[in-house]
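Heads up, the thing below is written out as structure tokens.
Numbers here simply count residues along the sequence, with the first being 1. FYI, side chains are in, hydrogens and waters are out, and symmetry mates aren't considered; it's all heavy atoms of this structure.
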Amino acid sequence: MLMMPFSTSDGSWNSPIVALFTSTSAVCVTGLSVVDPGTYFSFWGQFFIALLAQIGGLGYMTTTTFLILLIGRRFDLRQKVAIQQALDRPGMSGSTQIIRSIIATTLFFEITGVLLLLPAFVPEYGWNQGLWLAIFHSVNAWNNAGFSLFKDNLIGYQNSGLVVFTISGLIIFGGIGYQVILDLYLWLRDRIVRKTSAIVFSLDFKVATSTTLILLVLGTVAFLCIEIRNPQTFGDLSFTNQLLSAWFQSVTPRTAGFNTIDIGKMTDAGLFITIALMFIGASPGGTGGGMKTTTLRVLTSCTQAILQGKEEVLLYERKIAVSLILKAVGVLVGSITTVIMATILISLTDPKLEFIQILFEVVSAFATVGLSTGITGTVSTGAKLILIVTMYIGRVGVLLFMSAMLGDPRPTRVHYPEENLLVG
């Protein structure tokens, strides 16, 4: 659809590479673009981008299940098993109710985002264009996609608290996971009706919220300290606007892709911190990508256990299963391997680019972030194809991708003797 003449602003047939890259970036909720979506694409092209971002943010099984519910079909056993695996639920009961809750949550936050963004866009662009800008940016923010219809992304609104806090709020709630939002809703509901039995927050809720809060605070402080003397980013802003920009820059690497400063003019230290935040990413069950906050906490808890001489990994007085630890290690190794391979390949196809720019672009693609130092549109066709594959791997999950390539594992009853090995 993005190749069709009615999808481009000048009415000509679109380049297949541009259409493929944009489509992959949208459905993988990345936000990287080789063209300016606001001027290159017509309304229909922009509509298809928003639609793909919505489908990608909800997930394949959620979207499919929602369509099945709309036409009134019943689920067979295979579909129920697929839903259970996609939602990572212990059983198959109640899956349709969860799907309805996910759709309702998505609509609630996106409509709220639209209503909050209207006062910022309508006075400047009128009702028709202002409404579309509010819808497009609200959908992209909630789904952590990062596409913007403004040529400078959101730099023109870096001093607007309304836009900054609305977009950052949608990014945080979209990336923190539906289960966390559901737990928070149930807790608020019980507090409002003054229910005697208090809700017990799940381990997912505790880990996701605490890790997200820590990363947001540390990121804000780090960006403020590093970029405050850089006249091309924070240096010429008032202290209030510096705090606002530092906060947003801490939020957006969590796989969102919006920016209120020129990323290409950040210091190397600022770029490296952004790379680290992008690599960590959002939380499981949300619309974001990356290694995930829970993976980070499991790995750091493993390190803490080793340093304290413990043989069990604990999180909030709960023991972490060995299978989860192995999965976290697998995600880390697979993610690092993918980033290294993609960085090497692009370094070969585009040797004139700086290493920090290539690494930044690759991590942004793998973590489905969408931030760029400004080289996306200038890289070679080979590099674009590498980034397309990297975005795809990052969205479907590196372990799932590797499992699909290697085939189903073969269980074995053979157990081998244990032996010590020097490590570290």
Side-chain angles (χ1 to χ4, degrees), residues 1-2 4-11 14 22-23 25-27 29-33 35-58 103-175 237 240-241 244-245 247-249 251-252 256-263 287 370-372:
M1 300 304 292
L2 291 176
M4 296 296 177
F6 55 76
S7 291
T8 59
S9 57
D10 61 1
N14 195 3
T22 307
S23 177
S25 183
V27 81
V29 290
T30 305
L32 284 175
S33 182
V35 296
D36 176 23
T39 57
Y40 187 87
F41 291 103
S42 66
F43 166 79
W44 288 110
Q46 297 168 9
F47 174 79
F48 294 137
I49 291 173
L51 181 62
L52 288 171
Q54 185 72 83
I55 295 172
L58 287 173
I103 299 296
T105 302
T106 299
L107 291 176
F108 171 77
F109 277 96
E110 288 182 350
I111 292 173
T112 302
V114 170
L115 295 176
L116 291 175
L117 290 174
L118 282 176
F121 297 149
V122 169
E124 185 175 356
Y125 296 96
W127 263 105
N128 291 338
Q129 182 67 6
L131 178 61
W132 173 237
L133 288 171
I135 293 173
F136 187 90
H137 288 85
S138 179
V139 169
N140 276 270
W142 168 257
N143 292 292
N144 280 224
F147 282 99
S148 177
L149 297 182
F150 302 114
K151 185 167 290 187
D152 60 353
N153 207 280
L154 295 179
I155 295 178
Y157 293 92
Q158 65 179 181
N159 300 331
S160 172
L162 178 62
V163 174
V164 167
F165 285 116
T166 300
I167 296 294
S168 60
L170 289 170
I171 292 169
I172 293 171
F173 280 104
L237 303 177
T240 302
N241 292 331
L244 205 61
S245 297
W247 160 258
F248 193 82
Q249 189 57 36
V251 172
T252 193
F258 291 106
N259 59 283
T260 57
I261 60 173
D262 190 341
I263 302 297
T287 58
L371 292 175
S372 175

When rounded to the nearest 0.5 angstrom, what is the spacing between CZ in Phe109 and CG in Leu116?
11.5 Å
Nearest heavy-atom approach of Gly45 to Leu2 is O-CD2, 3.6 Å
Quick check: closest heavy atoms across Ser9 and Thr39, and the distance to 0.1 Å?
OG-O, 2.7 Å
Does any part of the side chain of Leu58, heavy atoms only, come nearer than 4.5 Å to the side chain of Ile103, both counted from C-beta?
yes
Taking all non-hydrogen atoms of both residues into account, name the closest pair between Gly31 and Ser25 and its distance.
N-OG, 2.9 Å
Ser372 versus Leu32, closest heavy-atom pair with distance
CB-CD2, 3.9 Å
Counting C-beta onward and ignoring hydrogens, is there a side-chain heavy-atom pair between Ile261 and Gln158 closer than 4.5 Å?
yes
Distance (rounded to the nearest 0.5 Å) between Phe48 CZ and Ser7 OG
5.0 Å
Please check this pair: side chain of Thr252 against backbone of Gln249, looking for a donor-acceptor N/O pair closer than 3.5 Å.
no
Scan the side chains in residues 120-136 for donor-acceptor partners under 3.5 Å anywhere in the protein, sequence neighbours excluded, and list what turns up.
residue : atom : partner : partner atom : Å
Glu124  : OE1  : Tyr157  : OH           : 3.1
Trp132  : NE1  : Gln46   : OE1          : 2.8

Restricting to pairs with a member in residues 108-122, which pass side chain to side chain donor-acceptor pair (under 3.5 Å), not counting sequence neighbours?
Gln54-Glu110, Glu110-Asn143
Look at the rings of Phe47 and Trp44 and say which category their plane angle falls in: under 30° parallel, 30 to 60° tilted, over 60° perpendicular.
perpendicular
When every non-hydrogen atom of Phe147 is compared with those of Thr22, the smallest separation belongs to CZ-O, 4.1 Å
Interatomic spacing from OG1 in Thr260 to CG in Leu244 - rounded to 0.5 Å:
7.5 Å
One should read off an interatomic distance between Phe248 CZ and Ile167 CD1, to the nearest 0.5 angstrom, of 6.5 Å
Flag the pair Leu154 / His137 as yes when at least one side-chain heavy-atom distance between them is below 4.5 Å, and no otherwise.
yes
For Phe258 and Ala141 the tightest heavy-atom approach is CE1-CA, 3.6 Å
Worked verdict on Asn14 versus Phe41 for side-chain contact (heavy atoms from CB on, under 4.5 Å)
CA-CA 9 Å; Asn14 195 3; Phe41 291 103; 3.6 Å; yes
If I take atom CG from residue Asn153 and atom CG from residue Leu371, how far apart are they, to the nearest 0.5 angstrom?
8.0 Å
What's the spacing between Leu107 CG and Trp142 CH2 if we round to 0.5 Å?
10.0 Å
